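Just so it is clear, the values below take in all heavy atoms, side chains as well, and ignore hydrogens, waters and symmetry mates. Here is how names work: the chains are called A, B, and so on, in the same order as the sequence lines, proteins then strands, and each is numbered from 1. Note that this is a predicted model, so its numbers are computed, not measured.
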Amino acid sequence: MSKGHYYLSLQKKMIFSTLQHEISAILNDLYSAEIESNAIKLEKTKDDFEGDLTLVVFPFLRISKKKPEQTAVEIGAALKDRLDSVDTYNIIKGFLNISFKESFWLQSIADEKIDSNYGYLKSDTTEKPIVLEYSSPNTNKPLHLGHVRNNLLGLSLAKVLDAAGKNVKTVNLINDRGIHICKTMLAWQKWGGGETPETAGVKGDHLIGKYYVLFDQKNKEEAAGGEENDTVLMKEAREMLIKWEENDAEVRALWQKLNDWVLAGFDDTYKRMGVEFNQLYFESQTYLSGKDIVLEGLKNGVLVQDEDQSIWIDLTNEKLDRKILLRSDGTSVYMTQDIGTAAKRMQDFNAYEMIYVVGNEQNYHFDVLKKTLIKLGFEWAENIKHFSYGMVELPEGKMKSREGTVVDADELMDEMKNSAAAIAKELGKADNLSNEEADRLYEMIGQAALKYFILKVDPKKNMMFNPEESIDFNGNTGPFIQYTHARINSLVQKAEDLGITASNWNTEIGLHDLEKDLLVLLLDLPQEIQKAADTLSPAIIANYSYDIAKAFNSMYQELSIVKEEDSAKQQNRLMLCKATQQTLTNSMALLGIELPERM
RNA sequence: GGUCUCGUAGCUCAGCUGGAUAGAGCAGCAGCCUUCUAAGCUGCGGGUCGCAGGUUCGAGUCCUGCCGGGAUCACCA
């Protein structure tokens, strides 16, 4: 299913399928062998060799019964004979490198409409949606670097899937209840002195985070090295939780007030990152769900009950373990809740597929969840996908809230912005900008730096976040791509000022190698989006964008537009610049990154 | 201990699902701004792809074993 041709854009598809078809016919002609045309593999020719596409002939030696070189010569000659678009070919060992005519490439890009929709498929909203859950924070502390990776991945995945023509719905399940909230409530009540985000002058989530830490400190003091669960404070917190569950008016009011502060704080952070959801779920409303399903499963004999009345699923035959679903006292656990919310969400959206963006430390949990749901008879659970991403590590090791090594999301974004401002001032980039324009620009650059730094890494892998490297805006970074865009913008502007305009490609003239490299790359956007959607990897888009920026800058360095004397060439070059600008805009938008006109 | 996962240049990462001489960025060194933005471009140095076997025309990529790092295996969430 994931054959090479599967990912291709219309243009590339035509090139590939035509070639495959012709090669298949040639093999039949020359060696009377029947080979399915889509079984013929073509790949991009490596940079070190001349050519556009390469056919590896080794697999055909069995049917040609000839040496690799000779087989390649025969196929190459026949191909040139049959296809007008083929310019030349060369053979190195068993590799047949095929070059197309420049006019063919120019015609290919002329046939693509490179506008703000280039590369994007229209989403079919009548299709059953893919429901994408991400973020899913606890309301007892502000968002940190780990959440940032989650949020950025979720944000980008939603855009990538949408661009690939999927109907995507995003949801956020907010963990707003439980013992951790009661701890902060208690701490605020005891030592807060009525402090609010307004009086304290801090965001609500940060204020609450302070009390969560304070509770921990006070509790440690009380325990004095002993059992931290046996303190009076912990007892009070547990009592508060019980009151909460009993709907005690006073406790509920306090809980509501503090949660609202936190959620308002999250909203600011989300807005700044560009994170949005189609629907929010709150655990305070869903935490009881799942129980009915479990009891039903027990009745059906899918689940087992121990002597102490606790209910379990036995997955030892699935290479997993036994897992508890209802405690002996009849209360539910995390898994129970997840079973319930999955079923609810399935109903709410009539989902085709449900994707959970959750860190890889929960691989086992989702394995169990999925298999349990399937055993319980929910066929749709086959379409549950745990998008498991790696942890973010710091140079000094893992983030530990107790050791104060947690990187706060808001502070991080501020630092990125400040770095952008400092560098811009040093380089004199902002001299002609108003204060507001400059401020917007620094924010845009800071965001790009952070987002790109995190999204360019394969999501499955653990990644290292080095603060010093993250504020380096040279090389393979978001600001580098933004800079490329700003350069093009300025260039196009300049050309227009000089009366140089272009709205069509001249397909019958020559192309410089540097122009052709860029042009061919631009034609890849649709297939890169498909690939990113299929593999759920924004990193593919990031690396592709970088390749474009690099190819452009190389060309920019060598070839001038305003000085070009051949006006047909000049127009093509201008067209190429505009196409590059648009392609970069479209690809970076999938990462939630905006590109400035100037910088 | 069981299961999963990762190991590519000094550092951070790519490597198109098995193809050619393994590539970028950062860091280091050397060049390029009176000419479209030098947050740029060009070049140099830097590798036993953790180790050992296997599969085949061909392995960084697939299989097995070992070494090393990480995660997970709660009547926590």
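When heavy atoms are screened at a 4.0 angstrom cut-off, A/Val333 is found touching the sugar-phosphate backbone but no base atom. Using a 4.0 Å heavy-atom distance criterion, A/Asn175 is classed as a sugar-phosphate-only contact. A/Thr54 comes within contact range of at least one nucleobase, with a heavy-atom separation under 4.0 Å. No engagement by A/Asn229 is indicated, since no non-hydrogen atom pair under 4.0 Å with the nucleic acid exists. If you check every strand for non-hydrogen atoms under 4.0 Å, A/Leu559 touches a base. When heavy atoms are screened at a 4.0 angstrom cut-off, A/Glu283 is found touching the sugar-phosphate backbone but no base atom. Residue contacts shown for A/Tyr364 are limited to sugar-phosphate atoms, with no base heavy atom under 4.0 Å away. Using a 4.0 Å heavy-atom distance criterion, A/Asn466 is classed as making no nucleic acid contact.
In this entry B/G65 has B/C51 as its Watson-Crick or G-U wobble partner, both defining distances falling under 3.5 Å. Pair assignment for B/C4: B/G70, on the basis of Watson-Crick or G-U wobble contacts that are both within less than 3.5 Å.
Between A/Phe465 and A/Phe453, the distance separating the two ring centers is shorter than 6.0 angstrom. In this structure, the ring of A/Trp244 has its center less than 6.0 angstrom from the ring center of A/Tyr287. Aromatic rings from A/Tyr452 and A/Phe480 are positioned such that their centres are separated by 6.0 Å or more.
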Walk along nucleotides 37-42 of chain B from 5' to 3' and tag each nucleotide B, S or - by protein heavy-atom contact under 4.0 Å, base first, then sugar-phosphate. BSBBSS
For nucleotides 55-60 of chain B, print each protein N/O atom paired with a nucleotide N/O atom at under 3.5 Å, atom names and distance only.
none

When you compare the protein's N or O atoms with those of nucleotides 13-15 of chain B, which come within less than 3.5 Å of each other, and at what distance?
{"from": "B/C13", "atom 1": "OP1", "to": "A/Met464", "atom 2": "N", "distance (Å)": "2.6"}
{"from": "B/A14", "atom 1": "OP1", "to": "A/Asp458", "atom 2": "N", "distance (Å)": "2.7"}
{"from": "B/A14", "atom 1": "OP2", "to": "A/Lys461", "atom 2": "NZ", "distance (Å)": "3.2"}

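For the pair A/Glu318 CD and B/C4 P, the computed distance is 15 Å after rounding to whole Å.
Side-chain N/O atoms of A/Lys563 and base N/O atoms of B/U35 include a donor-acceptor pair closer than 3.5 Å.
Residues A/Tyr483 and A/Pro596 have side chains not in contact (no heavy-atom distance under 4.5 Å, counting atoms from C-beta outward). Looking at A/Leu450 and A/Ser470, their side chains never come closer than 4.5 Å, going by heavy atoms from C-beta outward.
The 12-atom threshold is exceeded at CD of A/Glu396, counting heavy atoms of other residues, nucleotides or ligands nearer than 6.0 Å.
With A/Ile593 as the partner, the side chain to side chain contact (heavy atoms under 4.5 Å, CB included) test is satisfied by one option alone out of A/Gln447, A/Met588, A/Met444: A/Met588.
Using a 4.0 Å cut-off between charged nitrogen and carboxylate oxygen, A/Arg177 and A/Glu245 count as a salt-bridge pair.
Contact between the side-chain N/O atoms of A/Lys93 and the OP1/OP2 oxygens of B/U21 is found at a separation under 4.0 Å. Between A/Lys46 and B/A20 there is a side-chain N or O to OP1 or OP2 distance below 4.0 Å.
For the pair A/Arg149 and A/Tyr389, the NZ or CZ position fails the cation-pi test of under 6.0 Å to the six-membered ring centre and within 45 degrees of the ring normal.
B/U17 adopts a syn glycosidic conformation, its chi angle falling within 90° of 0. Nucleotide B/C33 carries a syn base; the chi torsion (O4'-C1'-N9-C4 or O4'-C1'-N1-C2) is within 90° of 0.
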